[in-house]
Amino acid sequence: QKNSCVLPEDLKNFYLMTDGFQMTWSVKTDDTPMPLGSMVINSVSKLCRLGGSSMYTLPSAPTLADLEDDTDEEGNGDKPEKPHFDSRSLIFELDPCNGNGKVCLVYKHAEPVVSPDTEIWFLDRALYWHFLTKTFTAYYRLLITHLGLPQWQYAFTSYGVSPQAKQWFNMYKPITINTALLSEEADSFVNKLDPNKVFKSKNKTPVLKKKPPSQPPGSQKSHTNMTSAKTSSLAGNSSRK
């Protein structure tokens, strides 16, 4: 009522179930837990509007609207129209991103009447806008899919995540950090399993019996002579008897 706008249906249903969402997870390094992932959806009371007031308490201090850069105006190719910090748009902070930027719910057409159409955008620390999703439900799926890894929103920017964050991506979300390779080669990350090779029975190798070593011809002849001599001696003894 304060900002004369209505929440989108999916976000309204989310807030009817829970007033915000926060989940963090850690990894162990040298048996010491280190916070790593963070997934946050601000509560209704923290759904603050951006651009409506000055960033400083000094008189005549600049606002976000004064700092807005209109040099890269919208309408370039297939790029969606960017939000504005002035009265043309209504912008609300969904996630502070641990100081790495802001995920915002954007009503891009606020004049003369606030349009019910909303989008989710990422505002980086240099005050550049990056489109994320058209609906809150799609953004929520992205948030869960990326496990709340540090700076995961920068994967949707032209300059990507930092080298340190890329190491965490390679460890926990390797497919996400290699999206270009995945789009070029659809089967590059498919686990190709050949059941014929996996469940193939192993053929037992036949055990070869060792043949006795062959005797040389000379030894065979001497063995034959000794046998004939023994036979003749036995025959002589029997005749004497």
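Note that this is a predicted model, so its numbers are computed, not measured.
A distance of 10.0 Å separates CG of L127 from NZ of K102, quoted to the nearest 0.5 Å. Put simply, CG on D19 and OG on S43 are 5.0 Å apart, with the number rounded to the nearest 0.5 Å. Atoms CD and OG1, on E9 and T137 in that order, are 10.0 Å from each other to the nearest 0.5 Å. Taken from CG in L94 to SG in C104, the straight-line distance is 7.0 Å, to the nearest 0.5 Å.
Aromatic ring pairs are classed by plane angle as parallel below 30°, tilted from 30° to 60° and perpendicular above 60°; the pair W152 and H146 is parallel. Aromatic ring orientation, W129 versus F85: tilted (interplanar angle from 30° to 60°).
Side-chain contact of T135 with T133: a donor-acceptor pair under 3.5 Å is absent, judged by distance alone.
In this structure, I120 and L105 have side chains that are in contact, with non-hydrogen atoms separated by less than 4.5 Å. For the pair S89 and H84, the minimum side-chain heavy-atom distance is below 4.5 Å. N42 places none of its side-chain heavy atoms less than 4.5 Å from the side chain of F92. Counting heavy atoms from C-beta outward, Y172 and V27 have side chains that approach closer than 4.5 Å. The closest side-chain heavy-atom distance from W121 to K108 is below 4.5 Å. Proximity of Q153 to C97: side-chain heavy atoms (C-beta onward) are separated by under 4.5 Å at one or more points. The side-chain heavy atoms of V106 and P83, taken from C-beta on, include a pair separated by under 4.5 Å. A heavy-atom distance below 4.5 Å is not found between the side chains of Y128 and L123.
Between the side chain of K46 and the backbone N or O of G20 there is no donor-acceptor pair closer than 3.5 Å. In this structure, the side chain of W25 engages the main chain of L147 through a donor-acceptor pair within 3.5 Å. Side chain of D86 to backbone of R88: a donor-acceptor contact under 3.5 angstrom is found. Judged by distance alone, with hydrogens and angles left aside, the side-chain atoms of D10 form a donor-acceptor pair with the main-chain N or O of F136 at under 3.5 Å.
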query: Can you check side-chain contact (heavy atoms from CB on, under 4.5 Å) on L36 and W168, steps first, answer last?
result: CA-CA 9 Å; L36 181 62; W168 294 117; 3.6 Å; yes
task: Run the numbers on L11 and Y139 for side-chain contact (heavy atoms from CB on, under 4.5 Å), then give the verdict.
output: CA-CA 11 Å; L11 183 57; Y139 168 74; over 6 Å; no
message: side-chain contact (heavy atoms from CB on, under 4.5 Å) for I91 and R49? Distances and angles first, verdict last.
response: CA-CA 6 Å; I91 305 168; R49 182 181 174 185; 5.7 Å; no
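Residues F122 and F131 keep their aromatic ring centres 6.0 Å or farther apart. Y140 and F14 have their aromatic ring centers within a separation under 6.0 angstrom.
Sorted by first and then second residue, the pairs that involve residues 128-150 and meet salt bridge (Lys or Arg N to Asp or Glu O under 4.0 Å), not counting sequence neighbours, are E119-K134.
With hydrophobic clusters built from ILVMFWY side chains whose heavy atoms lie under 4.5 angstrom apart, L143 shares a cluster with V44. L132 and Y107 end up in the same hydrophobic cluster when Ile, Leu, Val, Met, Phe, Trp and Tyr side chains are linked at under 4.5 Å. Residues L142 and I144 share a single hydrophobic cluster, defined by chaining ILVMFWY side chains whose heavy atoms lie under 4.5 Å apart. In the hydrophobic clustering of ILVMFWY residues, with side-chain heavy atoms under 4.5 Å counting as a link, M34 and L149 come out together. Residue L90 is grouped with residue V103 when hydrophobic side chains (ILVMFWY) are merged at heavy-atom distances under 4.5 angstrom, including chains of intermediate members.
The local environment of CG in N98 is sparse, with at most 12 non-hydrogen atoms from other residues, nucleotides or ligands closer than 6.0 Å.
For S162, the side-chain contact (heavy atoms from CB on, under 4.5 Å) partners two or more places apart in sequence, or in a different chain, are Q151, Q164, A165.
Here the closest heavy-atom approach between residue L47 and residue E93 is recorded as CD1-O, 3.4 Å.
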